[in-house]
Amino acid sequence: MRVLVIGKGGREHAIAQKISESKMLESLWIAPGNPGMSKAGLKCASVEKTPDILAFCKINRVDLVILGPEAAILSDLKEVLEQNDIACLAPSREAGHLEASKYFCKEILQDAGLLTAAFKLANSVSEAESFIAQHDFKNPIVVKADGLAQGKGVVVCENAASAKAAINDLSKAYGFPILVEECLMGRELSAFALCDGEDFVVLGTACDYKRITSDPFSANTGGMGAFSPCDFISKEDDAAIDNIFKKSLKSLKQKGKPFVGFLFAGLMKTDKGLYVLEFNVRLGDPETQALLPRIKSDFLDLSVKAVQGRLQKQKTEFHDFRSVHVVAVSAGYPGNAMDLGHTIEVPAKTADGTRIYFAGVSAKNESLVNTGGRVLGVTALAKTRDEARTLAYQEMRKVQFQGLYFREDIAQ
Ligand code: AMP
Ligand code: GLY
């Protein structure tokens with residue numbers, strides 16, 4: 001098979017690396033990729049716009065295109081490729097609504113009879129404020145924009161004043177409707193599935209670290225690290241995760257929006273069970289870098305079966321390893337004034353059980369330099385999480401560039 005992966009981050013590096021292990025693979029490219037991926041032996045294609053990607057696929061007789069980032073999934077790329085008989089692993093625009101509208105997501109969850117936070121839908125400031133007036137604030141309340149907000153559309157509010165401010169800010173930035181939601185208490189985790197419209201295989205669970213430091217009130221980032229699997233979930237929770245994917249896919253299909261692609265469930269484990277916070281219609285970054293190295297099954301085979309609607313009776317096999325992924329970022333991240341352009345030193349050969357996935361890097365005079373916030377990440381695999389964490393940090397300490405920063409407490 002001839003495969004093209006779209007994207008340029010650590011997630012896409014991990015996807016391409018996993019695909020490259022397939023016995024079914026003839027050729028693989030990443031578009032646009034990054035020079036770190038090229039150094040790691042993968043082929044990058046410098047095409048980014050839909051017509052250029054289409055032309056590349058035709059010239060190179062690409063059989064399957066896998067979309068990584070949200071922007072590619074939201075674009076016209078899948079439609080255009082499929083009009084030209086090129087298979088594309090990504091959800092349709094209609095199914096993508098699951099992430100693009102929190103209200104639609106709630107409808108699917110309620111329809112499927114799954115646990116999710118109780119909510120009310122407000123179409124004006126006064127309506128939203130009337131819901132706040134009914135709340136006693138023994139627990140916080142959550143105010144959410146309905147549409148896509150690049151991670152900035154959710155505010156957990158401890159009192160009426162902050163809830164009113166959130167209603168004001170979110171409605172100004174993203175309009176109505178707004179959701180006012182019960183605040184769930186528990187531990188967060190993510191679960192991932194590869195779906196064919198009806199059937200699915202679970203790709204595993206992961207926990208990520210969103211804040212720049214261990215202080216829960218420090219700045220939000222794209223993700224500073226992750227580990228997989230989550231070790232605080234029981235066999236019953238695993239069964240509940242299967243049920244969440246199964247029933248959501250059924251409900252989506254019944255609504256005429258069958259879901260093909262990667263489904264990412266944001267979950268909260270509470271005293272009353274596993275609640276769904278949200279769905280994303282893609283793989284997570286950096287969760288993917290922790291998730292995929294654990295997979296033993298032929299990932300290309302599963303991907304082909306997903307686009308062909310043939311995942312029924314398939315199961316993912318896993319290596320008997322735990323994984324820990326630590327992200328290195330540029331000084332100044334996640335602010336705007338980042339310290340960029342410094343030469344990156346990485347070990348010529350990574351230690352056994354570890355690998356490096358590249359993200360915000362460019363090439364300069366044969367070297368790699370940091371040109372983005374999240375620069376690279378180290379994944380380590382070992383029998384226990386403690387061993388994997390030790391190994392990941394040992395390898396990370398061999399990486400150098402001016403201003404390099406990473407969190408010291410991933411997977412602790
Ligand atoms: P979402 O985009 O819906 O996943 O929300 C982003 C983050 O807000 C989640 O990862 C949670 O940390 C938090 N959050 C969202 N909804 C709730 C809720 N109902 N209760 C508690 N925390 C929530
Ligand atoms: N790590 C969270 C995300 O990819 O959205």
Side-chain angles (χ1 to χ4, degrees), residues 7 9-12 14-15 67-74 98-106 108-109 114-121 131 135 137 139-158 163 166 170 174 178-192 203 205-212 216-217 220-228 230 262-292 325-327 329 334 357 359 373-374 377 407 410:
R11 166 181 49 204
E12 289 75 30
I15 294 172
L67 306 193
E70 198 170 333
I73 292 167
L74 293 174
L98 195 59
E99 179 171 350
S101 165
K102 293 204 188 287
Y103 180 54
F104 176 67
C105 177
K106 287 284 190 191
I108 292 292
L109 290 168
L114 295 168
L115 294 174
T116 186
F119 75 102
K120 288 180 177 154
L121 194 68
F131 299 149
H135 188 67
F137 283 97
N139 285 320
I141 203 160
V142 185
V143 180
K144 293 188 177 183
D146 179 56
L148 292 172
Q150 294 187 321
K152 295 182 186 132
V154 177
V155 188
V156 178
C157 308
E158 304 277 345
L170 292 182
Y174 310 105
I178 275 184
L179 284 81
V180 178
E181 196 170 292
E182 164 198 16
C183 186
L184 299 171
M185 302 293 176
R187 287 185 81 172
E188 277 191 69
L189 68 142
S190 308
F192 298 86
L203 299 176
T205 57
C207 289
D208 75 335
Y209 291 74
K210 293 197 172 73
R211 304 286 165 174
I212 188 76
F217 298 103
N220 216 0
T221 72
M224 297 297 292
F227 64 88
S228 175
C230 290
F262 299 107
L263 193 52
F264 165 168
L267 306 173
M268 182 86 85
K269 183 175 161 108
T270 74
D271 296 345
K272 292 189 208 136
L274 275 185
Y275 278 64
V276 180
L277 290 175
E278 62 156 357
F279 281 117
N280 294 308
V281 299
R282 54 181 172 76
L283 284 173
D285 188 338
E287 291 92 331
T288 304
Q289 295 91 304
L291 211 60
L292 294 193
H325 179 75
V326 181
V327 176
V329 303
Y357 296 117
R374 289 190 291 173
R407 268 179 71 160
I410 304 299

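Ligands are counted one by one from 1 in listed order, and the atoms in each one are counted from 1 as well. Source: prediction; values computed, not measured.
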Considering only NZ, NE, NH1 and NH2 on the basic side and carboxylate oxygens on the acidic side, decide whether [X] and [Y] come within less than 4.0 Å.
X	Y	result
D208	K210	yes
E287	R11	no
K269	E188	no

* Please verify whether a non-hydrogen atom of K102 lies at under 4.0 Å from ligand 1. => yes

inquiry  = Check for me whether C183 has a heavy atom closer than 4.0 Å to any atom of ligand 1.
reply    = yes

Among protein heavy atoms, which lies nearest [atom], and at what distance?
atom	answer
atom 2 (C) of ligand 2	E287 OE2, 3.6 Å
atom 3 (C) of ligand 2	R282 NH1, 3.6 Å
atom 17 (C) of ligand 1	L277 CD2, 3.5 Å
atom 8 (O) of ligand 1	V154 CG1, 3.4 Å
atom 12 (O) of ligand 1	E188 OE2, 2.4 Å

May I have the step-by-step check of salt bridge (charged side-chain N to carboxylate O under 4.0 Å, His left out) for E181 and K106, ending in yes or no?
CA-CA 11 Å; E181 196 170 292; K106 287 284 190 191; 3.4 Å; yes

In this structure, CG of L121 is separated from CZ of F131 (nearest 0.5 Å) by 7.5 Å

Atoms in ligand 1 flagged as close to [X], the criterion being non-hydrogen separation under 4.0 Å:
X	value
E181	16 (N), 18 (C), 19 (N)
K144	3 (O), 15 (C), 16 (N)
M268	21 (C), 22 (N)
A117	19 (N)

Numbered in order shown, the ligand 2 atoms found under 4.0 Å of a heavy atom of G222 are 1 (N)

A student checking ligand 2 against F264 at a 4.0 Å heavy-atom cut-off should list atoms 3 (C), 4 (O), 5 (O)

Specify the closest pair of heavy atoms between [X] and [Y], including all atoms of both residues, with the distance to one decimal.
X	Y	answer
E70	L148	OE2-CD2, 3.8 Å
Y357	G10	CB-O, 4.0 Å
G151	N220	O-ND2, 4.3 Å
I410	G225	CD1-CA, 3.9 Å
C230	C207	SG-SG, 2.9 Å
L283	F262	CG-CG, 3.6 Å

Please say whether [X] places an N or O atom under 3.5 Å from an N or O atom belonging to ligand 2.
X	result
K210	no
D285	yes
D208	yes

Taking a cutoff of less than 4.0 Å between a non-hydrogen atom of the residue and any ligand atom, is G284 in contact with ligand 2? yes

Notebook entry, point to check: Within less than 4.0 angstrom of ligand 2, does G151 place any heavy atom?
Noted result: no

The answer for which part of E182 has a heavy atom under 4.0 Å from ligand 1 is backbone

**Asked** Is the side chain of R374 donor-acceptor paired with the backbone N or O of D285 at a distance under 3.5 Å, no angle test?
**Response** yes

Ligand 1 N/O within reach of L184 N/O, cut-off under 3.5 Å: yes

